[in-house]
Amino acid sequence: MTMTADPGPQSMRERRQATLERLHGGPRPGPARTLRLPTISKRSGSDVEADAVDARPLGPPPAIWYGIIAVVSVFVTLGLVMVLSASAATEANLGNSPYRVFSRQAMWAGLGVVGLLIAARVPYHWWRRLAIPLAVVAAAAMVVPFAPALGATVNGARSWVRIGPLSVQPSEFLKLAVVVLAAAVLANRRDRLGDRRTLFALASIAAVAAGLSLAQGDLGSAVVLGAIVLSVAWVAGVPLIPLAGMSAGAISVALLFVASSPRRLDRFTAFLNVAEERDHLAYQTYQGFLSMAAGGLGGSGIGGSRGKLGYLPYAHSDFIFAVIADELGMIGTAAVIGGFIMLIWFGVQAALAASDPFGMFLAGGIAAWFGVQTIINLGGVTGVLPVTGLTLPFFSAGGTSLFVSMVAVGLLLSVTRRIART
Amino acid sequence: MRLIAALIVLAGLLGVIVARVAQLQTSEADSLRSAGSAQWTRSIDLPAQRGTVFDRHGNELALSVPSATISINPKLIENGPATIQLLDDLLDLDDEQVVDLLNEVARKERGFVYVARQADAGIGDQIASLGLSGVNVDREGRREMPGGDTGRSVIGRTNIDGVGISGLELQFDDVLTGTGGSMSREVAPGGRSIPGSETIVEAPVPGHDLVLTLDRSIQYSTEQVLLEQVRRIGARGATAIAMEPSTGEIFSMASVRQDDDTGEYEVTNGNFALVDSYEPGSVAKVITIASALSEGTVTPENGFEVPWRKKYYDDLLHNSFQHPTQWMNIEQILVSSHNIGTIFVQETLGRWVHRDYMAAFGLGERTALDFPGESPGILKEADDLWGSERVTVAYGQGVASTSLQLVAAVNTIANDGVYVEPRLVRSTVEPDGTMTEQPASATRRAVTADAANQTTSMMQQVVCRGTAKRAQVEGVPIAGKTGTAFKAADNGTYFDDEGNRIYYASFVGFFPADDPQVTVLVSVDEPPAGTQDRFGGTAAAPVFAELAPTLINELGVQPPLGGDGCPPAT
């Protein structure tokens, strides 16, 4: 065929191009892709250009896309198993179905899968446009628990909204909204990062979000929210001195909050002296120790934990890691923590490869969020940090946390699908 | 770069946590693990099965059967009134107890209240299967005697906790009691146990069984004939012992008495056959005469001019019947149970030698049974005897013995002059079936075989022509001796508060006289004064005759003679 004289001005190169297009069913996005990384620094943050990125068709998923899917699938599945294991006995003793907590968690996991798929499909720049409305709605939702008819106090924190059979924690949504907002703000102002207005905006986001959480009495969420803002700021390249100043400010506020009530201070510092306080303030931590120690290297097997039978409070939610360590042993804990490190690493990879600053900040922010929340939770369980009542993402029973974490993973996936290839 | 730095920081912190977990799961694990298991493990004692008490043929006399003890923990109980109602329906509790239990569950102060002890094991299982919280069902052994009261005086009793408190149950408590085991189970907070977590830490080892020398049939018959007799004549009580002459093995040992409160005659809890001691009375003449024969101070042909009464140490002692002074040989003295004649025989020995013989016959010392509460009786040193006591000991006043001592003493005659310690436990059996024989009874020669045989033939005459005719059994040669003693009352005299004599009537006999297979003592305590039933020959000897067929049957005694079992009159 090539020997046949084909009329037309096309060169061999153009013919090959056309053939490839025929085979692939469309024009190759190749040229655009090669430009992507360098364009981040060149482009301004205008919406027009962002839309141009959006419009590009999706390429085949990169390796980290599969990596994230794999880690999160394992996490969610294992999390469901552990929630069932950790909650069945206590629920049955209360006269409930042993599957009560599990089925609720499974339902949220199902919702989470839907949320994750949608978030992964939707071009992440839509979130940038929605950042402010989302943040406002999320902040407003934070006030709902104070409504007498809707709110509920759990463990001293008024951070729950009860709608029929569902309990929702607005602070989880706020975390997502804050990541998006902080990423959007810094993406918009990335050439003025040291600017007072930028810093003021960041500080306001952190202050409002953390303030709302503190108002609910939820220190853990406040710390995570503050850490998210600081992390995004760090990733975005905010100069060190203002960043350090903000960090110092945030830490002082947190310490002031803790010190404002002697009871809170006692509970906060109990982790320093677990052995002495094991019957009182550090009971939960001590029981967690007993469970983890019982696991040893190989673990006591799924279902084998005794602590979950009622000795260890919140075995299925905040302290699920103790049950995992008990039943799966050191191998299981290493796998779980290793999984989180991989997830953070994938997040950082996604951020590094992101096609625009917003994507980069978003991915970095989400990775930091997972990292910080995991560290605070695990630190509490292992007695390295105070116990603050945070969930372990993907594992702890708690529908809102699972759902929002999975949506956040969807965002991460959305960023990875639109990253540059070399 | 900042992203990588963030990654490194986060990964580093997670690494710290991994290290901390590793530390908790390895180096700190041991102490935490033991603290943990102490927290969720409870140890439960497992009671050991108490050994069974068998008779000589392997019939069960006392055994432990499973039973259930039901208790509640008012602090844990849910819906107290309904639970108590349910327990009442199943256990049929007293109304009073129901009220108490309802108060307990309402107050919720105590953590442990008994509902029923030693209830039927089946009902216990049913209650346990309901799984009521705060209701505990524990297994316990309940001591049962399949033969009813049979042997109760000897076997004794256990308390509600299964600990022996009297009789052989007390004496052999260590043997019968096993070694308790323990079980561990895991509990959730609040004490609810976790199904499937029970593990036997140490299996309980059942106690050893006891095989007694008792024969359940003979024991039963002995008790029944005693009850019949005391009921018929209206005595206070009675004891009886049947013993194998050559081995000292006790076939039966019975004690019956009228209950002070109800007036009913019943098998006693206490083993009065060896707890109480009485002056044996004329039965002791056998010892005096056999001793003198053995010592050679008299021969069967010897005799004395015997008055019917004589003054000794300011006391005018007399015979039970009046007669002119006459010559009597030794046999006549025994057959007529002559008091003064027996004193003459004792005088040939001297009271010091006589005292040694009485000791050789086992008086004054607890037997080898070493039964709980066993009395040693009273046998004073010859020099400690006072006044006419020095001679009345010849006919059994001034010395006291238990029924057991007395039967063992007369058994010496049946056993050719060799004293055999009584024996009640043949062997112990370990849970695995290993049988350990108890050592055979110790023996010692008390009198010569000739003296014993001469005494035996005199005792035959007692049954054939003397005071114990009512002990005769057709076709069986029986040797025996009656005793009608005055019993010392609490006021220190031989009269009760109404001035009546208090009697203690007994008969000891053995048969067949030429090859004795069994020696039997029957003692009737306080037969009615003023009636013909007050004598050993009338109160006790008939019981012997009534029991004899059972003994002949059970022991397979082959009577060598026909007729009345009596040798031709001499």
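Every chain is numbered from 1, with letters handed out A, B, ... down the list of sequences. These values consider heavy atoms only, across backbone and side chains, with no hydrogens, waters or symmetry-generated copies.
Within the model, atoms OG1 of A/T374 and CG of B/L13 stand 11.5 Å from one another, a figure rounded to the nearest 0.5 Å. Atom CD of A/Q349 sits about 6.5 Å away from atom CD1 of B/I4, to the nearest 0.5 Å. Distance check: B/I17 CD1 to A/N377 CG gives 8.5 Å after rounding to the nearest 0.5 Å. B/L3 CG to A/M360 CE: the interatomic distance, rounded to the nearest 0.5 Å, is 4.5 Å. Residue B/R33 holds its CZ atom at 9.5 Å from OG of A/S300, rounded to the nearest 0.5 Å. Taken from CD1 in B/I8 to CH2 in A/W345, the straight-line distance is 13.0 Å, to the nearest 0.5 Å.
At least one donor-acceptor pair closer than 3.5 Å links the side chain of B/Q25 to the backbone N or O of A/M292. Checked by atom type and distance alone, the side chain of B/R2 pairs as donor or acceptor with a backbone atom of A/V238 at under 3.5 Å.
For the pair A/L309/B/W40, no side-chain contact is recorded, criterion being any heavy-atom separation below 4.5 Å from C-beta on. Side-chain atoms of B/Q39 and A/R306, non-hydrogen and from C-beta on, never get closer than 4.5 Å to each other. Annotation: side chain of B/V16 is not in contact with side chain of A/I375 (no heavy-atom distance under 4.5 Å).
Both the backbone and the side chain of A/T382 come within contact range of chain B, judged by heavy atoms closer than 4.5 Å. Using a 4.5 Å cut-off between heavy atoms, A/A351 contacts chain B through both its backbone and its side chain. Proximity to chain B (any heavy atom under 4.5 Å) is shown, for A/A363, by neither the backbone nor the side chain. For chain B, no part of A/V381 is nearby; none of its heavy atoms comes within less than 4.5 Å. Both the backbone and the side chain of A/L240 come within contact range of chain B, judged by heavy atoms closer than 4.5 Å.
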Exercise. For A/I341 and B/L10, run side-chain contact (heavy atoms from CB on, under 4.5 Å): C-alpha distance rounded to whole Å, both residues' side-chain angles, the deciding distance at 0.1 Å, then the answer.
Key: CA-CA 8 Å; A/I341 292 175; B/L10 292 174; over 6 Å; no
Practice problem: Take A/M330 and B/T26 through the test side-chain contact (heavy atoms from CB on, under 4.5 Å) and record every step on the way to the result. | Solution: CA-CA 9 Å; A/M330 206 186 292; B/T26 53; 3.3 Å; yes
Practice problem: May I have the step-by-step check of side-chain contact (heavy atoms from CB on, under 4.5 Å) for A/I344 and B/L14, ending in yes or no? | Solution: CA-CA 11 Å; A/I344 296 163; B/L14 286 169; 3.8 Å; yes
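Most heavy-atom pairs under 4.5 Å with chain B: of the set A/G295, A/G329, A/G364, this distinction falls to A/G329.
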Sequence neighbours excluded and cut-off under 3.5 Å, please list the side-chain donor-acceptor pairs for residues 84-97 of chain B, or say none.
{"unit_1": "B/Q85", "atom_1": "NE2", "unit_2": "B/D89", "atom_2": "OD1", "d": "3.0"}
{"unit_1": "B/D88", "atom_1": "OD1", "unit_2": "B/L93", "atom_2": "N", "d": "3.0"}
{"unit_1": "B/Q97", "atom_1": "NE2", "unit_2": "B/V115", "atom_2": "O", "d": "2.5"}

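More than 12 heavy-atom neighbours from other residues, nucleotides or ligands sit within 6.0 angstrom of CZ on B/R20.
For the residue pair B/L32 and A/A293, the shortest heavy atom distance occurs at CB-CB, 3.5 Å.
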